[in-house]
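Take a look at the structure set out below.
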Amino acid sequence: MKLTDNVLRSFRVAKVFRENSDKINCFDFSSNGETVISSSDDDSIVLYDCQEGKPKRTLYSKKYGVDLIRYTHAANTVVYSSNKIDDTIRYLSLHDNKYIRYFPGHSKRVVALSMSPVDDTFISGSLDKTIRLWDLRSPNCQGLMHLQGKPVCSFDPEGLIFAAGVNSEMVKLYDLQVVIFGPFATFKLQYERTCEWTGLKFSNDGKLILVSTNGGTLRVLDAFKGAVLHSFGGYNNSKGVILEASFTPDSQFIMIGSEDGKIHVWNAESGMKVALLDGKHTGPVTCLQFNPKFMTFASACSNMWIHCSEWVPSE
């Protein structure tokens with residue numbers, strides 16, 4: 001089935017999971033779309049089976065906490081940031097619930113984490129105003145960039161470059177082969193005093209960059225020229241919540257949740273809103289991603305009892 005405006009409007013809630021006692025702060029689909037893994041402020045890591053529609057396993061990171069969980073290329077390993085004790089990134093085997101490696105270096109909380117789509121490289125951004133480049137095979141930082149403010153960062157879909165958003169006003173593009181020479185392109189955007197950038201993502205075709213904020217606006221940039229193609233608004237975010245925005249896998253649509261629990265969908269090319277979905281979330285929809293292989297997406301709100309909803313089209 002191809003994603004169209006009508007198909008997106010037909011999505012409904014298929015499952016609601018209440019496995020957590022505190023808010024889900026992040027989740028990530030496996031590359032084959034068969035599982036989704038979540039991290040929560042209750043220190044739990046929950047693995048869900050997308051095909052059977054049920055939780056498979058729950059692990060805990062009670063000492064260090066868990067946030068920004070990401071699958072690596074092996075379906076049974078993840079990396080995640082800590083939100084207790086220290087700011088070390090941890091590499092965990094889900095198979096035997098043992099740490100494979102630690103990645104120390106950041107001196108303040110990690111707020112961005114992106115895994116390369118092609119190899120064992122990943123990048124992290126921290127409130128210590130640095131972006132660090134890592135390799136899963138080594139605990140040592142492979143590259144370090146000092147910035148002037150809070151960073152957001154993400155790999156492109158081919159894993160050749162990464163983008164860093166700096167000071168909520170600039171996007172810098174780096175070639176992984178020559179990171180030491182600095183960015184090969186810098187796009188300066190109009191600074192918005194009312195909000196700061198909270199996320200940055202490439203579309204799967206590599207042509208667009210989506211910049212999300214803790215305000216009520218999203219921006220879509222041309223990934224080659226840096227021009228702002230669309231600004232999206234009209235969703236509720238009066239309290240400055242970090243709301244995750246995502247592309248659909250075909251790069252045709254953009255989605256974001258809102259403070260009132262609804263999900264807004266726009267056409268990435270035309271900029272027109274195509275759907276407003278009500279999943280009956282009881283709080284802001286802070287996590288939102290489309291399954292990379294199957295016609296479902298997951299959303300999570302940040303009330304005490306989390307509804308991590310898997311959506312399927314009803315027609």
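Treat the numbers as computed from the prediction; the structure is a model and nothing was measured.
Looking only at distances, a side-chain donor or acceptor of T4 sits under 3.5 Å from a matching main-chain atom of V7. Between the side chain of N167 and the backbone N or O of E169, no donor-acceptor pair lies under 3.5 Å. Side-chain atoms of D260 do not come within 3.5 Å of backbone N or O of P284 as any donor-acceptor pair. D67 contributes no side-chain N or O that, together with a main-chain N or O of S82, makes up a donor-acceptor pair within less than 3.5 Å. No donor-acceptor pair under 3.5 Å is formed between the side chain of R132 and the backbone N or O of I123. Not one N or O on the side chain of S40 forms a donor-acceptor pair closer than 3.5 Å with the backbone of N20. Judged by distance alone, with hydrogens and angles left aside, the side-chain atoms of Q142 form a donor-acceptor pair with the main-chain N or O of N140 at under 3.5 Å. Of the possible donor and acceptor atoms, one in the side chain of D42 sits under 3.5 Å from a partner among the backbone N and O of S21. Between the side chain of S203 and the backbone N or O of L208, at least one donor-acceptor pair lies under 3.5 Å. N291 places no side-chain N or O within donor-acceptor distance of the main-chain N or O of F297, the cut-off being under 3.5 Å.
Under the 4.5 Å side-chain heavy-atom criterion for ILVMFWY residues, no single connected hydrophobic cluster contains both I161 and L133. No continuous path of hydrophobic side-chain contacts links L189 to I254 [ILVMFWY only; heavy atoms under 4.5 Å]. Cluster membership check: I24 does not share its hydrophobic cluster with I45, using side-chain heavy-atom separations under 4.5 Å among Ile, Leu, Val, Met, Phe, Trp and Tyr. Linking ILVMFWY residues whenever their side-chain heavy atoms come closer than 4.5 Å, directly or via other members, leaves L59 and Y91 in distinct clusters. Linking Ile, Leu, Val, Met, Phe, Trp and Tyr whenever their side-chain heavy atoms come within less than 4.5 Å leaves L68 and V78 in two separate clusters.
Annotation: K273, atom NZ; neighbour count of heavy atoms from other residues, nucleotides and ligands within 6.0 Å is above 12. In the displayed structure, K108 atom NZ is contacted under 6.0 Å by at most 12 heavy atoms of other residues, nucleotides or ligands. Surrounding NZ of K239 are at most 12 heavy atoms belonging to other residues, nucleotides or ligands under 6.0 Å away.
Residue D278 holds its CG atom at 15.0 Å from CZ of R12, rounded to the nearest 0.5 Å. With values rounded to the nearest 0.5 angstrom, D22 atom CG is found 8.5 Å from D43 atom CG. S246 OG to Q289 CD: the interatomic distance, rounded to the nearest 0.5 Å, is 5.0 Å. Atom SG of C50 is separated from atom NZ of K56 by 9.5 Å, given to the nearest 0.5 angstrom. Here the straight-line distance linking atom CG of L173 with atom CG of D156 works out to 9.0 Å at 0.5 Å rounding. In this structure, CG on L210 lies 11.5 Å from CG on L229, to the nearest 0.5 angstrom.
If you check the side chains of E269 and Q252, you find no donor sitting under 3.5 Å from an acceptor. When only modelled atom types and interatomic distance are considered, R109 and S81 share no side-chain donor-acceptor pair under 3.5 Å. A side-chain N or O of E259 and one of S238 form a donor-acceptor pair less than 3.5 Å apart. Between the side chains of S116 and D119, at least one donor N or O sits under 3.5 Å from an acceptor N or O. N25 and S39 share a donor-acceptor pair across their side chains, judged by distance under 3.5 Å alone. For the 3.5 Å distance criterion, the side chains of W134 and S124 qualify, holding a donor opposite an acceptor.
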F247 vs F202, ring pair (Phe, Tyr, Trp, His ring centres under 6.0 Å): CA-CA, chis, key distance, verdict: CA-CA 8 Å; F247 287 100; F202 281 89; 9.1 Å; no
Steps toward side-chain contact (heavy atoms from CB on, under 4.5 Å) verdict (V46, I37): CA-CA 6 Å; V46 183; I37 195 163; over 6 Å; no
Derivation and outcome, side-chain contact (heavy atoms from CB on, under 4.5 Å), residues L218 and V211: CA-CA 6 Å; L218 285 173; V211 177; over 6 Å; no
Verdict with supporting geometry, F232 and T217, side-chain contact (heavy atoms from CB on, under 4.5 Å): CA-CA 5 Å; F232 300 121; T217 57; over 6 Å; no
Derivation of the side-chain contact (heavy atoms from CB on, under 4.5 Å) call for D28 and V36: CA-CA 6 Å; D28 193 36; V36 61; 5.9 Å; no
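Here the side chains of S212 and W197 are not in contact, with every heavy-atom distance at 4.5 Å or above. For the pair L276/V265, no side-chain contact is recorded, criterion being any heavy-atom separation below 4.5 Å from C-beta on. Put simply, the side chain of L200 reaches to within 4.5 Å of the side chain of I209, judged on heavy atoms.
When all heavy atoms of L288 and K201 are compared, the pair lying nearest together is O-NZ, 4.4 Å. In plain terms, the two heavy atoms of P104 and P139 that are nearest each other are CD-O, 3.9 Å. M255 and F290 get closest at one heavy-atom pair: SD-CD1, 3.7 Å. Summarising the geometry of C153 relative to G125, their closest heavy-atom pair is SG-N, 4.0 Å, with the distance given to 0.1 Å. Shortest non-hydrogen contact noted between H73 and V118 is CE1-N, 3.6 Å. Closest approach of G257 and L243 over heavy atoms only: O-CD1, 3.5 Å.
With respect to the salt-bridge test (charged N to carboxylate O, under 4.0 angstrom), the residues D135 and R137 qualify. Salt bridge annotation for K54-E19: absent, with no cationic side-chain nitrogen under 4.0 angstrom from a carboxylate oxygen.
Here L127 is tied into one hydrophobic group with V111, each link being a pair of ILVMFWY side chains closer than 4.5 Å.
Residue Y71 forms a side-chain hydrogen bond (donor to acceptor under 3.5 Å, both in side chains) with just one option from N32, T35, T77, N76, and that option is T35. No option in D86, D128, D87 other than D128 meets the side-chain hydrogen bond (donor to acceptor under 3.5 Å, both in side chains) test with H106.
Residues Y48 and F17 bring their aromatic ring centres within 6.0 Å.
Using bins of under 30°, 30° to 60° and over 60° for the plane-to-plane angle, the ring pair F29/F27 lands in the perpendicular bin.
Among residue pairs with one or both ends in residues 146-174, those qualifying as ring pair (Phe, Tyr, Trp, His ring centres under 6.0 Å) are F162-Y174; sequence neighbours excluded.
Scanning for ring pair (Phe, Tyr, Trp, His ring centres under 6.0 Å) contacts around Y80 gives an empty result, with sequence neighbours left out.
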